[in-house]
Amino acid sequence: MVAVLVLVSLALLTVYFRESSGGGLHSLQSTGASVLKPFEVAANRVAQPFRDLAGWFGDLSTTKDDNKKLQKDNAKLTGQLSNYDSVLQENRELKKAVHYLGGPGLPRDYVPLTTEILSQPPQQFDQRVVVGVGRNNGVRPNDPVVSPSGYLVGVTTTVGAGTANVRLINDETSAVSVMDAKTGAWGILRHNDPGSAIIVDNIPKSDVVNEGDPLVTAGWKSGPLTSVFPRGIPVGTANAVTQTDIDPYKKIEVKLLTDLGSLHTMIVLVKKPSAR
Amino acid sequence: MIDGAKAAALVFVTAILEVSVFSDVHILGGVPDLLLVTVVAVALLRGSVVGACAGFFGGLIIDTATLETLGLSSLLLTLIGYWVGRYGETTGRDRTHAPFLSVAVVTFLYALGGLALRFVLGESAPARHILLETLFQDIALNLLLTWPVYAVARRLLPPPPPARAREGAPALG
């Protein structure tokens with residue numbers, strides 16, 4: 001019995017790994033994810049107050065140096081207002097989204113789809129989340145994903161019928177072409193080491209990047225190839241610029257504009273059919 | 001049969017809670033793994049075969065819900081369920097420390113196995129981050145979950161009575 005289960009697992013792994021994203025197992029997984037989606041949404045709703053409370057304790061450990069006064073206030077209020085906090089947070093994100101969707105920051109040729117985060121992989125190998133829109137909503141692999149304020153968050157990878165996997169920009173495998181909005185210097189945004197800051201490298205030494213300069217997606221086009229990200233989505237600011245004598249490129253430490261760990265809502269930018 | 005349904009329901013609920021709630025709970029860099037602890041509890045209470053089935057079923061739900069590589073979590077949790085089940089059947093079932101010891105060891109093995117499989121598949125496997133920066137926190141959080149999860153599992157799946165009591169053997173005076 002156990003041997004059968006192990007063999008089935010190995011068979012699933014092998015077939016899944018070898019087949020294309022439109023293969024039978026992927027379709028089956030997508031259907032399964034759609035079936036599980038209502039359970040996940042229900043669990044999210046029920047657990048929201050507890051998550052807020054747990055999140056508060058987590059934040060307490062990481063941000064205790066930031067603001068003692070805020071912590072003290074939070075300690076008084078969180079117990080009573082955990083429910084209210086979650087509603088307020090959702091409202092704040094939706095307000096930002098409404099402002100972004102009606103404003104000039106929305107890239108042309110894209111339709112915004114606002115969605116909530118459904119789940120995250122339990123192990124910390126990847127920086128990915130699952131969102132509640134999928135193929136049925138027009139989402140395709142490699143669609144850009146932004147925060148409610150319009151800051152770059154990641155890109156869709158595996159897309160199911162009603163859900164999609166989003167690879168965040170702090171994932172080890174993520175690479176985004178970005179440019180300094182002031183000087184036009186180009187580079188690649190990466191997060192090679194989970195324990196260190198996100199960086200932009202491959203910027204020639206001759207190019208100028210100043211600390212505090214805003215960084216946006218480069219949105220390059222080379223013949224028939226185009227970047228998956230449209231030009232001009234804000235990503236972060238240059239926090240520190242370093243270069244050495246032996247390295248032909250300079251390296252920029254980036255301060256992201258959005259806290260990827262605290263997002264509950266995201267906007268998937270789906271390319272209009274006419275622009276594909 | 002009823003036991004199997006109870007175990008399946010328990011694993012289903014914990015897998016859903018794991019992907020939608022617990023995976024988002026980061027405490028000091030660690031993430032509690034409710035499903036792993038549940039599989040350990042079920043395996044200790046019901047043995048290696050049920051433990052392996054619980055691991056397979058739970059892993060399948062995790063991989064499906066998160067759209068991750070299908071079969072990866074199933075394989076690891078199946079092996080863990082079987083191994084903990086064997087430990088329970090042979091030496092650990094009646095020992096108070098068995099759930100805690102099992103959870104601590106399998107959390108380490110689960111992380112190690114996950115890294116190895118991902119490395120083989122060519123996916124990202126940040127070993128330093130997983131083994132040095134978050135593993136101890138993961139183990140501590142899972143140990144904190146062990147007592148309540150084991151208590152719930154024990155209530156749902158009470159251990160079978162000793163063989164002599166089942167056979168109705170008269171007590172020797």
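Quick note on labels: first sequence line is chain A, next is B, and so on, each numbered from 1.
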> Heavy-atom distance under 4.5 Å between the side chains of A:Val129 and A:Met266, does that happen here?
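Of all side-chain heavy-atom pairs linking A:Met266 with A:Val129, at least one is under 4.5 Å.
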> A side-chain contact here means heavy atoms from C-beta on lying under 4.5 Å apart; do B:Val42 and B:Leu157 qualify?
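When only atoms from C-beta onward are counted, B:Leu157 and B:Val42 do touch, with a gap below 4.5 Å.
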> Report yes if the side chains of A:Leu269 and A:Phe229 come closer than 4.5 Å at any heavy-atom pair, otherwise no.
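A side-chain contact is absent here, since even the closest heavy-atom pair is not under 4.5 Å.
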> Heavy-atom distances under 4.5 Å only: say whether B:Leu36 touches chain A with side chain, backbone, both or neither.
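For B:Leu36, there is no contact with chain A at all, as no heavy atom is under 4.5 Å.
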> Report the option among B:Ala15, B:Gly55, B:Ser48, B:Gly71 that has the most heavy-atom pairs separated by less than 4.5 Å from atoms of chain A.
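That would be B:Gly71.
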> Side chain, backbone, both or neither: which part of B:Thr64 has a non-hydrogen atom closer than 4.5 Å to chain A?
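Both backbone and side chain.
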> What part of B:Phe22 is in contact with chain A, defined as an atom under 4.5 angstrom from a non-hydrogen atom: side chain, backbone, both or neither?
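Looking at B:Phe22, nothing touches chain A.
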> Heavy-atom distances under 4.5 Å only: say whether A:Thr173 touches chain B with side chain, backbone, both or neither.
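Only the side chain of A:Thr173 comes within 4.5 Å of chain B.
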> So does B:Arg86 pair up with B:Glu89, basic N to acidic O under 4.0 Å?
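Salt bridge between B:Arg86 and B:Glu89, a charged N being under 4.0 Å from a carboxylate O: yes.
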> Shorter than 4.5 Å, heavy atoms on both sides: which option in B:Leu79, B:Leu75, B:Leu67, B:Thr78 has the most such pairs with chain A?
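Of the options given, most contacts go to B:Leu67.
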> Do you know which of B:Ala65, B:Gly59, B:Ala52 has the most heavy-atom pairs under 4.5 Å to chain A?
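Heavy-atom pairs under 4.5 Å are most numerous for B:Ala65.
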> Just jot down the side-chain contact (heavy atoms from CB on, under 4.5 Å) partners of B:Leu112, sequence neighbours excluded, or say none.
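Partners of B:Leu112 by the side-chain contact (heavy atoms from CB on, under 4.5 Å) criterion, ordered by chain and then number, come out as B:Phe108, B:Leu131.
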> Go through the atoms of A:Ala164 and report whether side chain, backbone, both or neither lie under 4.5 Å from a heavy atom of chain B.
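The backbone, not the side chain.
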> Measure distances from A:Phe17 to the heavy atoms of chain B and classify the residue's part below 4.5 Å as side chain, backbone, both or neither.
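Side chain only.
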